[in-house]
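Everything on this sheet refers to the single structure shown next.
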Amino acid sequence: MNTQSITRSRSGRLITAFALAVTLVTGAVVASTSASAAAALTVAQALSAQDGRTATVTGYIIGQPTATNTVITSGYTADTAIAIADTAGETSTGRMLYVQVTAPYRSAFGLLTNPGLRGALVTATGTLTAYFSHGGLKDPTAMTLGGTTPSPTPTASPTPTGGPYDSTYYASAIGKTGSSLRGALHSIIKVQTKLTYDQVWEALKDTDQDPANPNNVILLYSGRSQSKATNGGAVDDWNREHVWAKSHGDFGTATGPGTDVHHLRPEDVTVNSARGSKDFDNGGSAVAQCPGCYTDADSFEPRNAVKGDVARMIMYMAIRYEGDDGWPNLEMNNSVANGTTPYLGRLSVLLAWHQLDPPDAFEKRRNQVIYDQWQGNRNPFIDHPEWATAIWG
């Protein structure tokens with residue numbers, strides 16, 4: 001059979017899970033009536049985490065990963081890895097989790113030995129960490145066929161959380177909802193140190209530092225670790241991406257929303273240009289140098305691991321800039337044709353991304369660094385994710 005590389009499609013649908021699960025116990029395969037997936041993450045959630053913790057993930061077997069952006073679906077060459085996704089027909093590697101298959105599990109789960117497993121539902125427990133320089137699950141401690149069918153659509157609001165700033169920084173907002181909460185948060189976060197556009201360069205080298213390499217920053221959409229020294233405007237440099245596109249309200253790069261590092265991030269020059277001033281939505285064609293990103297004529301979709309980050313930055317901007325300090329009143333809406341108006345969409349998609357991709361360690365650290373070292377204000381939707389629902393429903 002010919003080797004086939006995965007290409008983009010959105011036509012995948014969930015299929016019926018195996019009725020009989022096969023559980024691997026102490027190296028032997030035995031039958032069981034179902035696979036335990038009580039606390040299993042979806043693949044999207046696992047891709048968003050990647051924080052080194054142990055987790056159980058359920059997904060459909062798509063094929064064998066052979067490189068960062070390549071998964072083969074026939075002509076398998078080894079039993080050492082499988083790629084899984086939330087839908088059996090997924091074709092985007094950006095939506096797949098690469099699962100290491102170690103020796104005890106290869107006879108039962110390796111695709112070279114078991115090519116018929118393609119399309120089967122599998123549940124695996126292991127460490128959420130990069131594999132093939134891609135979102136992965138390594139060193140499995142359990143692998144079973146079957147599990148609860150994953151649902152990529154969030155069905156529950158984030159659980160209310162407490163935090164160390166509730167009795168101080170957020171004291172006037174605690175217990176409020178709706179417009180009262182919105183007003184309280186605006187009054188809190190608008191008190192900030194304002195940076196110049198030149199200062200943003202240095203701020204981003206601090207806020208977006210690669211935890212594994214202090215000489216690098218992590219590019220927001222691309223996910224690439226790149227030298228801090230390569231900032232600029234040339235091809236393959238990184239520059240300053242306005243997540244709330246500065247043309248949406250025409251605020252430019254003057255001190256104010258144009259220099260607020262809560263929504264400014266490092267990004268590859270070419271990818272920044274591909275995003276341009278588009279609104280956010282699902283769909284489109286793959287973006288070069290940005291695995292898992294898609295774009296069309298009027299919208300941009302970031303990779304799964306930062307969808308929630310993007311949503312929370314947009315929410316911050318909508319609350320911080322209410323039109324009472326000389327800057328436009330920024331608002332989210334459900335349009336992807338906002339032009340130069342002070343609106344950004346699509347609200348319904350951003351709220352879904354917020355729930356699907358909760359704040360991770362990198363995002364939380366970034367929020368803290370901005371508060372401690374640069375602006376003295378915080379993004380409340382990182383500290384209290386449930387406030388998004390309390391304001392926008």
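Just so you know, residue 1 is the first one in the sequence shown, and it goes up from there.
Of the possible polar contacts, one joining the His134 side chain to the Met96 backbone as a donor-acceptor pair under 3.5 Å is found. In this structure a side-chain-to-backbone donor-acceptor pair under 3.5 Å is missing from Arg303 to Cys293. Looking only at distances, a side-chain donor or acceptor of Thr255 sits under 3.5 Å from a matching main-chain atom of Leu195.
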- Item | Ile189 vs Tyr169, side chain to side chain contact (heavy atoms under 4.5 Å, CB included): CA-CA, chis, key distance, verdict | CA-CA 9 Å; Ile189 66 176; Tyr169 188 73; 3.7 Å; yes
- Query: What do the steps show when you test Ser348 against Asn334 for side chain to side chain donor-acceptor pair (under 3.5 Å), and what is the final call?
  - Reply: CA-CA 6 Å; Ser348 58; Asn334 261 321; 3.0 Å; yes
- Thr123/Thr58 under side chain to side chain donor-acceptor pair (under 3.5 Å): CA gap, chis, key distance, verdict: CA-CA 4 Å; Thr123 298; Thr58 295; 2.9 Å; yes
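Between Arg265 and Asp208 there is a salt bridge, with a side-chain nitrogen of the basic residue lying less than 4.0 Å from a carboxylate oxygen of the acidic one. A salt bridge does not link Asp357 to Lys307: none of the charged nitrogens lies less than 4.0 Å from a carboxylate oxygen. Under the 4.0 Å criterion applied to side-chain N and carboxylate O atoms, Asp309 and Arg366 are not assigned as salt-bridge partners.
Trp327 is linked by a ring pair (Phe, Tyr, Trp, His ring centres under 6.0 Å) to nothing, counting only residues two or more places apart in sequence or in another chain. Residues that satisfy the ring pair (Phe, Tyr, Trp, His ring centres under 6.0 Å) test with Phe381, not counting sequence neighbours, are Trp392. Residues passing the side-chain contact (heavy atoms from CB on, under 4.5 Å) test with Asn329 are Glu322, Glu331, sequence neighbours excluded. Applying the ring pair (Phe, Tyr, Trp, His ring centres under 6.0 Å) test to His242 and every residue at least two apart in sequence or in another chain returns Tyr197, His263. Taking Tyr131 as the reference, nothing meets the ring pair (Phe, Tyr, Trp, His ring centres under 6.0 Å) condition, with sequence neighbours excluded. With sequence neighbours excluded, no residue forms a salt bridge (Lys or Arg N to Asp or Glu O under 4.0 Å) with Lys228.
In this structure, Tyr316 and His262 have tilted ring planes: the angle between them lies in the 30° to 60° band.
The hydrophobic cluster containing Ile188 also contains Ile391, counting ILVMFWY residues as joined when their side-chain heavy atoms lie under 4.5 angstrom apart, directly or transitively. Connection of Leu220 to Val217 is not established within any shared hydrophobic cluster, with ILVMFWY side chains joined at heavy-atom distances below 4.5 Å, either directly or through further cluster members.
The nearest pair of heavy atoms linking Leu117 to Phe109 is CD1-CA, 3.8 Å. For the residue pair Ile382 and Pro359, the shortest heavy atom distance occurs at O-CG, 3.7 Å.
No side-chain donor from either of Tyr165 and Asp383 sits under 3.5 Å from a side-chain acceptor of the other. Residues Asp250 and Thr340 have side chains that never bring a donor and an acceptor to within less than 3.5 angstrom of each other. Under the 3.5 Å distance criterion, with hydrogens and angles disregarded, no donor-acceptor pair is assigned to the side chains of Asn213 and Ser225. A donor-acceptor contact closer than 3.5 angstrom is absent between the side chains of Lys364 and Asn367. When only modelled atom types and interatomic distance are considered, Thr77 and Gln64 share a side-chain donor-acceptor pair under 3.5 Å. A side-chain donor-acceptor contact under 3.5 Å links Thr113 and Asp79.
The CH2 atom of Trp353 lies 12.0 Å from the CZ atom of Arg312; values are rounded to the nearest 0.5 Å.
With a 6.0 Å radius and a threshold of 12 heavy atoms from other residues, nucleotides or ligands, Phe251 has its CZ atom above the threshold.
Each of Asp281, Asn333, Asp279 was evaluated against Arg346; a single residue qualifies, Asp281, per the side chain to side chain donor-acceptor pair (under 3.5 Å) test. With Lys278 as the fixed residue, the side chain to side chain donor-acceptor pair (under 3.5 Å) test singles out one of Asn338, Asp296, Thr295: Thr295.
Contact check for Val349 versus Glu301: no side-chain heavy atoms found under the 4.5 Å cut-off.
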